[in-house]
There are 2 protein chains.
Amino acid sequence: MNVHHAETETLLTPSEVASLFRVDPKTVTRWAKAGKLSSIRTLGGHRRYLESEVRDLLGGVPQQQRPEDS
Amino acid sequence: MNVHHAETETLLTPSEVASLFRVDPKTVTRWAKAGKLSSIRTLGGHRRYLESEVRDLLGGVPQQQRPEDS
DNA sequence: GCCCAGTAGGGTAATTTGGGGG
DNA sequence: GATGTCCAAATTACCCTACTGG
């Protein structure tokens, strides 16, 4: 059981997530709006993202597509 | 296990890789599909490429060092 | 309260994707 | 076999102004 408490979860800012994916911060916002990425809201309305989820979505290890995969 | 920190890896866009190789961006996509080049996907399906791998594939051509990397 | 980099929001260009044919 | 081009649709980047975070 590795259930971490939310308060111990590291949060990332939009620009930090954007840098990891090499996209614009606005694009990360669209992902959150589209439900592709979960987000926490500050009391002022700014979004924060779960580092663990972002790392998971990054895939960690890039993959090479196989030529004969159809 | 040798899990590299892909999240610290600098990523390149398709057009950037295409410019470095002096080919059409579509050609870079074909390289990725053929498994000749590893790639990461954004949540929207766009590909991002590892700068280190691209540099390596460029064949030992000395690259211009950037003055500031922060 | 002021400062200012970052973010939200909305709108418009630019890029990328995938397929097909040369 | 590999590459460049055309097409339509989807995704992303850049523009602005106003507000939040520290």
Side-chain angles (χ1 to χ4, degrees):
Chain A
M1 298 286 283
N2 281 329
V3 180
H4 285 242
H5 294 286
E7 52 267 25
T8 64
E9 175 65 64
T10 302
L11 297 178
L12 299 177
T13 63
S15 61
E16 288 173 336
V17 178
S19 296
L20 294 175
F21 278 98
R22 187 54 168 87
V23 295
D24 193 88
K26 288 304 198 58
T27 300
V28 180
T29 300
R30 291 194 207 92
W31 293 346
K33 284 184 179 177
K36 297 178 180 178
L37 186 62
S38 57
S39 62
I40 303 294
R41 288 279 199 158
T42 68
L43 299 187
H46 287 198
R47 296 184 180 84
R48 297 284 114 98
Y49 304 93
L50 301 178
E51 183 184 35
S52 59
E53 184 181 9
V54 172
R55 289 187 187 279
D56 186 57
L57 288 173
L58 274 171
V61 179
Q63 303 172 14
Q64 297 192 355
Q65 286 188 228
R66 291 177 296 178
E68 307 179 30
D69 194 0
S70 56
Chain B
M1 49 195 288
N2 194 8
V3 179
H4 289 261
H5 297 280
E7 56 274 9
T8 62
E9 176 68 60
T10 302
L11 300 176
L12 298 176
T13 64
S15 61
E16 288 172 339
V17 177
S19 296
L20 290 173
F21 278 100
R22 288 296 227 131
V23 294
D24 194 89
K26 211 56 171 297
T27 299
V28 180
T29 299
R30 292 196 184 98
W31 293 345
K33 285 186 176 181
K36 298 178 180 177
L37 187 61
S38 57
S39 63
I40 290 179
R41 295 279 197 148
T42 68
L43 298 192
H46 285 202
R47 295 183 182 85
R48 295 285 112 102
Y49 303 94
L50 302 179
E51 183 184 34
S52 60
E53 184 180 8
V54 172
R55 297 275 183 218
D56 185 57
L57 289 172
L58 279 172
V61 177
Q63 302 298 327
Q64 200 168 14
Q65 198 160 6
R66 290 182 286 184
E68 281 290 331
D69 198 332
S70 55

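Here the structure is a predicted model, which is why all the values come from computation and not from measurement.
The minimum heavy-atom distance between B:L50 and B:S38, with the atom names listed, is CD1-OG, 3.9 Å. Heavy atoms only, all atoms of each residue included: B:P25 and B:S15 are closest at CG-CA, 4.4 Å. Residues B:E16 and B:T13 share a closest heavy-atom pair of OE1-N, 2.9 Å.
In this structure, A:W31 reaches the D:dT12 phosphate: one of its side-chain N or O atoms is under 4.0 Å from OP1 or OP2.
Rounding to the nearest 0.5 Å places NE2 of A:H46 at 10.0 Å from OG1 of A:T29. Between B:R48 atom CZ and B:L11 atom CG the span is 8.0 Å, to the nearest 0.5 Å.
Judged purely by distance below 3.5 Å, without hydrogens or angles, the side chains of A:S52 and A:R55 never pair a donor atom with an acceptor atom.
Taking atom CZ of A:F21 as the reference point, atom P of C:dT16 lies 18 Å away to the nearest angstrom. B:I40 has its CD1 atom 14 Å from the P atom of C:dT17, to the nearest Å.
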Distances for protein N/O vs nucleotides 7-14 of chain C N/O pairs under 3.5 angstrom?
residue : atom : partner : partner atom : Å
C:dT7   : OP1  : A:P14   : N            : 3.2
C:dT7   : OP1  : A:S15   : N            : 3.0
C:dT7   : OP1  : A:S15   : OG           : 3.3
C:dA8   : OP1  : A:R47   : N            : 2.9
C:dA8   : OP1  : A:R47   : NH1          : 3.3
C:dA8   : OP2  : A:T29   : OG1          : 3.0
C:dG9   : OP2  : A:R47   : NH1          : 3.4
C:dG9   : OP2  : A:R47   : NH2          : 3.0
C:dG9   : N7   : A:K26   : NZ           : 3.2
C:dG9   : O6   : A:K26   : NZ           : 2.3
C:dG10  : O6   : A:K26   : NZ           : 2.7

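Comparing A:D24 and B:T27, the nucleotide of DNA chain D nearest to each residue sits closer to the 5' end for B:T27. In terms of position on DNA chain D, the residue among B:G44 and B:R22 whose nearest nucleotide sits closer to the 5' end is B:R22.
End-to-end axis angle of the helix from C:dC3-D:dG22 to C:dG19-D:dC6, from C1' rotation axes over five pairs per end: 60° (rounded to 10 degrees).
Annotation: side chain of A:L20 is in contact with side chain of A:L12 (closest heavy-atom distance under 4.5 Å).
Using a cutoff of 4.0 Å between basic side-chain nitrogens and carboxylate oxygens, B:E51 and A:R22 are not scored as salt-bridged.
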